[in-house]
Each structure stands twice: as structure tokens, then as C-alpha cells.
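Here is how names work: the chains are called A, B, and so on, in the same order as the sequence lines, proteins then strands, and each is numbered from 1. Computed from heavy atoms alone, side chains included, the values below leave out hydrogens, waters and symmetry copies.
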2 protein chains.
Amino acid sequence: MPQPSTSRKTLGRPPRISREEVVETARRIVDAEGVDRLTMRRLATEIGSTPMALYHHVRNKEELLVLLLDDHAARTLHRPELPAQPRERIIVAAAAIHEALAACPWIVEVLTADDLMSTSALWFVEQIVDGLVECGLPPERAVHGYRTIWYYTAGEIVVRATAARRRADDDRATFRERVFADLDPDELPRLAQVADQWAPLTAEDTYVDGLRALVDGLLTTR
Amino acid sequence: MPQPSTSRKTLGRPPRISREEVVETARRIVDAEGVDRLTMRRLATEIGSTPMALYHHVRNKEELLVLLLDDHAARTLHRPELPAQPRERIIVAAAAIHEALAACPWIVEVLTADDLMSTSALWFVEQIVDGLVECGLPPERAVHGYRTIWYYTAGEIVVRATAARRRADDDRATFRERVFADLDPDELPRLAQVADQWAPLTAEDTYVDGLRALVDGLLTTR
DNA sequence: ACCTGAACACCGTTCAAGT
DNA sequence: ACCTGAACACCGTTCAAGT
């Protein structure tokens, strides 16, 4: 079984391609043509090698995608000036993660990973957990609070990205129109009332508003 | 181009399989072996037919998955007794959607659709939007509020489902351990502090707590 | 109208061998 | 140690033909 290249100084055939080159080329393909077009075969041709050569540098395609996410995070997740007020710090840190991830919608496939997406994001997690503690939450509730924020953030990105992808390649947008057209205003009066505003309202970016509401709620002692 | 079976009374060769049979058999496969094992070919064999016969009843695999989600929703989304208090009504309706979806983790592939997943869910959406309006939000903010709740709910399901899937078939759980073990307590003091509680805290189901916080926050006038 | 068989244009990954 | 060629075991979908 071949080992994903270690950094041991061993002798043998000198490597022709590196893990970095693999990830970099994969990123180029994904940026240019979308994550669907990234296949091991395609990547191999692009890199001037064979599919199997790749398996010496990454364990499998899944690992490649995770590496791609890490790479993106390391590249775009710049630490912002943090406000002194802890509540604002939570907002800024979460919004920074959100912004970096929203910039690459293909992330959806990988993102839905777990709570700690990437080591580059740890600092942001620290800021959020610390902010929550500073605002008076016990550490355990701060961790739960962080997860709640993460669910909201990941959900926003995943839902929006998938909706955008759908809109791009089919007519499911009309599905919603049909639903609203067929609405029985007696049974579903509120939905009928907002029916024609639904599309524009949904298009609005309300991530930060929702985030503020969520943080307020988390910090309210009930 | 074959049309997905209409209900017009036309003459011709009598159908051997129905759309219902297709969806039902697909559901059996998914329930028994997971969504990964649902392929058009497998489904065709199971149903005693050929792959192409399926394309007379569903447009493509994507549509089949949507039908599967609708079917699941119609089957499991039973309308609960609603509390009179609007705030509680929001919680109960959202928790009902969450519960139904969390029961079938394969939904992840489809779920990440958009805000209106299924006609069976409309009644719940109505309850949530109405509850928010009753609590004093103007209709536009109620729609935004509903979407925020939806992001949180979808995110919770997607993240947990994917994490579970990962845990099942590889050792990425150890990734987190490694991260926490290598943590520099000077740079990331809070994370270091909660390091050994992270796993159990993360395993806890705090969906409803988070939901309550979110709703509180949405209803707080800022 | 509905179904079939064969084919198209792909996948990710493994195995055994080469350098 | 690193890379290659060929193969395995699949996919979703289209096309042209049959009943």
C-alpha cells in the first residue's frame, strides 16, 4: 500500500509531482469550471501524469477535497481587527468565516464536515467561544453557542449555494411560483399574504441580521 | 422525448410500472442500504425492469430524490397540537420539521434545496411565519425570520449527518483529537480550556436550545 | 404509450509491473 | 520511492428499435 508522501529523507526515485502541485492544480480546475469537473482523471491529465500517480500524494478524492478547503481557508481567512466589545467580536469572527466560505460555493461538498473545518479557522472559533464566555456564558454553554452559530452559518451557505446551483441549470424556480399560485389563502393565509414578496425577500442577504439575532438570543438569560 | 407519465386517458401499451412503484421501491432501497446505494440501475433490477423504463416515470435521478423527500415528508410530517402562545408555536412547528428530517439523514443530498422543501411542509412554514407576525414582527421580517430558522435547522441536520457518515467509515475523528492535542494554550486559551469536553459537548443534542435562543433573538427589538 | 438492448461517455480505485 | 498501463466494477443518460 503506497503511503501519502512522508517527509522522511529516503532514497529512491525522485518525485515528479508534489502534493502542493496536486492541490494547486485541483484548485485551478475548481475555480475555473466548478467542483463537478474535478475528477481524478481530469486532474491527472492537467498535471501531465496518470490518475494513479495522484494516489501517492493524497489518500483519495475525499482527502483531496478537504485539502482544498484547508488551502482556501489558509488563503482567504485573514484575521480582521477585532472590536473590544465581546459581543461584537463574536459577530465579526463569525462573519469573517462566513464571508470566506461563501466566496467558494463548491465548498458545500466538503464543508458539511463537522465543527472544526480547518486549522486556519481555529483562531476564529477561539474568538467566538471567548466572546461568549466574556459575555457571561459558562464554557460549556459557550461551546454549544459556538455550535449553534456554526449550524446557522453552514446552513446559510449550503442552502444558498444549492439554490443557486439549481437556478443555474433547471427550471425549479418555477416550482415555487406554482406553489404560491396554488396556495389556498384560507388554509395558509400568511403565506398567501407574503406570496409575491417571497422571491425578493429570499434573495436578500440577511446573514448578519440573523447572526445578531442568534447571538442576542444566546446571551439572553432565560 | 418521453414525457413523465401524464394522467391523460390515452390509449397505447398499458403501463407495467407506475411512478408510485418507482418511488416506493426507491424508498425501500434507501431505508435499507442508504442513499449511496440507490442507482437507477439497481432500482431497475429491484423493480424487475430496465434503467430506461424509469425515465418514463421520473425525469432523472434528481427528480427522483425530490420525490423521495416529498414522500418522506408526507409520510412523517404529522401536524402536532399547537400551543396557543405564538412563540411556543414557532418552536413546536420548527422542531417538528427538524424531527422529521433528522430521521432520514440521507436527506442531506436533497434537502439543501431551498426554503420550501415540500408542499407537505407548507403548513409548518405558515405556523412559523404566522407565529412571528403574531409576536409583532412585520411580515417581511417574519419571512426573514423563517429563513433564519430554516438555515439553522438545515445546517444542524447537514452538519450532523455528514459528521456521522464520516465517523462511520474513517478515522477522521482522530483529526479532532490531534488538533486539540497540538493546541497552543497561549494562542488559543479558550479552546485549550474546553479541549477535553469538546467531544461530549458536541455529541449533545442542543437543537431546541439553539432554536429557542434564535427565536428569542429574532423577537427582541434591537 | 410504454418498454428494451445496446451503447456512449464517463467515474474512483486496485493490481501488478516497471524504473 | 515513485510512477505507469491495464483492468475492475461501476455510474447516469441517450438513441433507435420493438410491441
Side-chain angles (χ1 to χ4, degrees), chain A residues 1-23 25-26 29-30 33-68 106 109-110 165-166 169-170, chain B residues 1-23 25-26 29-30 33-68 106 109-110 165-166 169-170:
Chain A
M1 201 188 301
Q3 283 301 110
S5 57
T6 67
S7 48
R8 254 180 295 130
K9 282 186 212 154
T10 37
L11 287 183
R13 188 166 169 173
R16 260 217 267 284
I17 57 179
S18 66
R19 192 183 174 116
E20 287 71 44
E21 196 183 349
V22 171
V23 174
T25 312
I29 296 175
V30 165
E33 306 180 41
V35 75
D36 291 345
R37 302 291 281 275
L38 179 69
T39 69
M40 298 303 266
R41 287 154 195 269
R42 168 75 195 281
L43 179 54
T45 341
E46 200 87 350
I47 223 170
S49 187
T50 64
M52 261 318 289
L54 304 175
Y55 286 86
H56 275 271
H57 301 93
V58 299
R59 195 209 301 234
N60 51 30
K61 195 181 178 182
E62 162 120 23
E63 193 190 61
L64 175 61
L65 287 171
V66 173
L67 289 174
L68 226 39
W106 57 268
E109 324 279 316
V110 199
R165 189 156 54 176
R166 287 258 156 88
D169 59 32
D170 81 1
Chain B
M1 201 188 301
Q3 284 300 110
S5 57
T6 67
S7 47
R8 254 182 294 130
K9 282 187 212 153
T10 38
L11 286 183
R13 189 167 168 171
R16 262 218 265 284
I17 57 179
S18 66
R19 193 183 173 115
E20 287 71 44
E21 196 182 349
V22 171
V23 174
T25 312
I29 296 174
V30 165
E33 307 180 42
V35 75
D36 290 344
R37 302 290 281 277
L38 178 68
T39 69
M40 298 304 266
R41 287 154 195 271
R42 168 75 196 281
L43 179 54
T45 340
E46 200 87 352
I47 224 169
S49 186
T50 64
M52 261 317 290
L54 304 176
Y55 286 86
H56 274 270
H57 300 93
V58 299
R59 196 210 299 237
N60 51 29
K61 194 180 178 181
E62 161 120 22
E63 193 190 60
L64 176 61
L65 287 172
V66 173
L67 289 174
L68 226 40
W106 58 268
E109 324 279 316
V110 200
R165 189 155 54 177
R166 287 258 155 88
D169 59 30
D170 80 1

Testing the basics here: between A:A26 and A:L43, what is the closest heavy-atom pair and its distance to 0.1 Å? N-CD1, 3.6 Å
Would you kindly give the CG-to-C1' distance between B:D36 and C:dC11, to the nearest whole Å? 14 Å
Using atom C1' of each nucleotide, how far apart are D:dC3 and C:dA16 to the nearest Å? 13 Å
Quick one: which of D:dC3, C:dC3, D:dG12 gets closest to the side chain of A:A53? D:dC3
When you measure from the side-chain N and O atoms of A:H57 to the phosphate of D:dC3, is any distance below 4.0 Å, counting only OP1 and OP2? yes
Atom CZ of A:R41 to atom P of C:dC10: distance rounded to whole Å? 11 Å
Do any side-chain nitrogens or oxygens of B:T39 fall under 4.0 Å of OP1 or OP2 in D:dC11? yes
Give the nucleotide from the list C:dC3, D:dT13, C:dG12 with an atom nearest to the side chain of B:K61. D:dT13
Distance-minimising heavy-atom pair for B:L38 and B:K61: O-NZ, 2.8 Å
Pick the nucleotide of DNA chain D nearest each of B:N60 and A:T50; which residue has the one closer to the 5' end? A:T50
For the residue pair B:E21 and B:R16, what are the closest heavy atoms and their distance? OE1-O, 4.0 Å
Can you run through DNA chain D from 5' to 3' and write each base as (, ), [, ], | or . depending on how it pairs? Watson-Crick or G-U wobble, both distances under 3.5 Å. ||.|||||...|||||.||
Take B:E20 and B:L67 through the side chain to side chain contact (heavy atoms under 4.5 Å, CB included) test and state the conclusion after the steps. CA-CA 10 Å; B:E20 287 71 44; B:L67 289 174; over 6 Å; no
I need the OH-P distance between A:Y55 and D:dC3, as an integer number of Å. 15 Å
Rounded to whole Å, CE of B:M40 lies from P of D:dC10 at a distance of 18 Å
Whichever of A:G48 and B:R42 has its nearest DNA chain D nucleotide further upstream toward 5': A:G48
Distance in angstrom units between B:L54 CG and D:dT13 P, rounded: 11 Å
When rounded to whole Å, the CZ to P distance for the pair A:R16 and C:dT19 reads 12 Å
When rounded to the nearest Å, what value does the distance between C1' atoms of D:dC8 and C:dC11 take? 12 Å
Whole Å only: how far is the CE atom of A:M52 from the P atom of C:dG18? 16 Å
Which pair of non-hydrogen atoms, one from A:I17 and one from A:H57, has the smallest distance, and what is that distance? O-NE2, 2.8 Å
Minimal non-hydrogen separation, A:A44 against A:P51, with atom names: CB-N, 3.3 Å
Please determine if B:E33 and B:R42 form a salt bridge, counting it only when a charged side-chain N lies under 4.0 Å from a carboxylate O. yes
Rounded off to whole Å, could you give me the CD1-to-P distance for the B:I47 and C:dC3 pair? 10 Å
